[in-house]
Amino acid sequence: MRDTWETIDRLVEWLDAESGVSPEMARLLRVLKISEEAGEVAEAIHGVTGSNPRKGNSHTWDDVQAELCDVIFTSMVALRTITPEAEKIFAERLHHVAERSLNR
């Protein structure tokens with residue numbers, strides 16, 4: 001997982017360097033970006049199921065998988081933008097949820 005967080009750190013550095021907004025605004029926008037990416041998952045699900053008659057079957061499960069990964073990456077970037085201890089906080093939260101859910 002360490003390589004993953006190193007990559008996330010590099011992405012945050014790149015976004016910070018390319019961003020034309022204040023750090024405060026960048027934090028807000030990166031959290032909001034999670035909703036945008038989640039919407040793309042929903043769109044892909046509709047495309048897999050063909051639930052929109054105008055568009056039909058426009059997506060595959062591979063598309064859904066890719067969009068879910070984008071939600072995860074975006075969330076990790078947002079968390080890292082908010083705190084330099086993102087890796088620790090993520091690990092602690094995962095442990096908490098696993099303990100709560102699996103050790104009943």
Side-chain angles (χ1 to χ4, degrees):
M1 191 74 155
R2 183 70 212 139
D3 289 344
T4 300
W5 282 105
E6 289 172 1
T7 301
I8 295 299
D9 286 343
R10 289 180 29 229
L11 288 168
V12 169
E13 289 172 12
W14 171 73
L15 286 167
D16 287 346
E18 296 294 321
S19 178
V21 299
S22 70
E24 295 80 17
M25 183 61 72
R27 280 193 297 264
L28 295 175
L29 293 173
R30 290 177 192 168
V31 172
L32 289 175
K33 182 76 172 166
I34 299 166
S35 295
E36 179 186 334
E37 296 297 340
E40 292 176 12
V41 172
E43 181 181 1
I45 291 287
H46 286 289
V48 165
T49 62
S51 65
N52 183 338
R54 187 174 52 82
K55 293 184 180 180
N57 292 88
S58 58
H59 290 75
T60 66
W61 283 108
D62 287 343
D63 296 324
V64 174
Q65 293 170 18
E67 296 300 345
L68 285 169
C69 288
D70 289 351
V71 171
I72 294 166
F73 304 148
T74 302
S75 298
M76 292 174 81
V77 164
L79 182 60
R80 176 59 184 87
T81 299
I82 291 169
T83 178
E85 295 188 14
E87 183 177 4
K88 176 180 175 266
I89 290 167
F90 180 84
E92 288 172 353
R93 185 66 184 167
L94 180 60
H95 177 76
H96 170 78
V97 171
E99 286 289 316
R100 179 184 69 201
S101 302
L102 302 175
N103 291 325
R104 292 184 157 233

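All values below come from the heavy atoms of this structure, side chains included, with hydrogens, waters and symmetry mates left out.
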> List in chain and number order the residues that pass side-chain hydrogen bond (donor to acceptor under 3.5 Å, both in side chains) with Glu36, two or more places apart in sequence or in another chain; answer none if no residue qualifies.
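Checked Glu36 against side-chain hydrogen bond (donor to acceptor under 3.5 Å, both in side chains); matches are Lys33.
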> CD1 of Ile45 to OG of Ser51: how many Å apart, nearest 0.5 Å?
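Reported value, rounded in 0.5 Å steps: 9.5 Å.
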> Under a single-linkage rule joining Ile, Leu, Val, Met, Phe, Trp and Tyr whose side-chain heavy atoms are separated by less than 4.5 Å, which residues share a cluster with Val97?
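Direct or chained contacts put Val97 with none.
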> Any salt bridge (charged side-chain N to carboxylate O under 4.0 Å, His left out) pairs touching residues 87-98, not counting sequence neighbours?
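Sorted result for residues 87-98: Arg2-Glu87, Glu85-Lys88, Lys88-Glu92.
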> Which donor-acceptor pairs under 3.5 Å do side chains of residues 68-78 form with protein atoms, sequence neighbours excluded?
residue : atom : partner : partner atom : Å
Thr74   : OG1  : Asp70   : O            : 2.6
Ser75   : OG   : Val71   : O            : 2.8

> Of the non-hydrogen atoms in Ile89 and Thr83, which two are nearest, and what is the gap between them?
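Heavy-atom minimum between the residues: CD1-CG2, 3.6 Å.
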> Is there a path of hydrophobic side-chain contacts, each under 4.5 Å between heavy atoms of I/L/V/M/F/W/Y residues, joining Ile34 to Leu28?
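The answer is no; the residues belong to distinct hydrophobic clusters.
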> Is the shortest heavy-atom distance from the side chain of Ile8 to the side chain of Phe90 under 4.5 Å?
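SC-SC contact between Ile8 and Phe90 ruled out.
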> Between CG of Leu29 and OG of Ser22, what distance do you get to the nearest 0.5 Å?
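Leu29 atom CG to Ser22 atom OG measures 8.5 Å (nearest 0.5 Å).
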> Can you run down the salt bridge (charged side-chain N to carboxylate O under 4.0 Å, His left out) pairs that involve residues 46-69, sequence neighbours left out, and say none if there aren't any?
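Matches after skipping sequence neighbours: Glu43-Lys55.
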> If every non-hydrogen atom of Ala26 is compared with every non-hydrogen atom of Val21, which pair is closest and at what distance?
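What the structure gives for the nearest pair is N-CG2, 3.7 Å.
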> Evaluate the side-chain proximity of Thr49 to Asn57: yes if any heavy-atom separation is below 4.5 Å, no if none is.
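Result no, sub-4.5 Å side-chain heavy-atom pair not found.
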> Show every salt bridge (charged side-chain N to carboxylate O under 4.0 Å, His left out) that has at least one partner inside residues 9-32, sequence neighbours left out.
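Every salt bridge (charged side-chain N to carboxylate O under 4.0 Å, His left out) pair that includes a residue of residues 9-32, provided the two are not neighbours, is Asp9-Arg80, Asp16-Arg30.
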> Please name all residues satisfying side chain to side chain contact (heavy atoms under 4.5 Å, CB included) with His95, sequence neighbours left out, ordered by chain then number.
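Partners of His95 by the side chain to side chain contact (heavy atoms under 4.5 Å, CB included) criterion, ordered by chain and then number, come out as Glu99.
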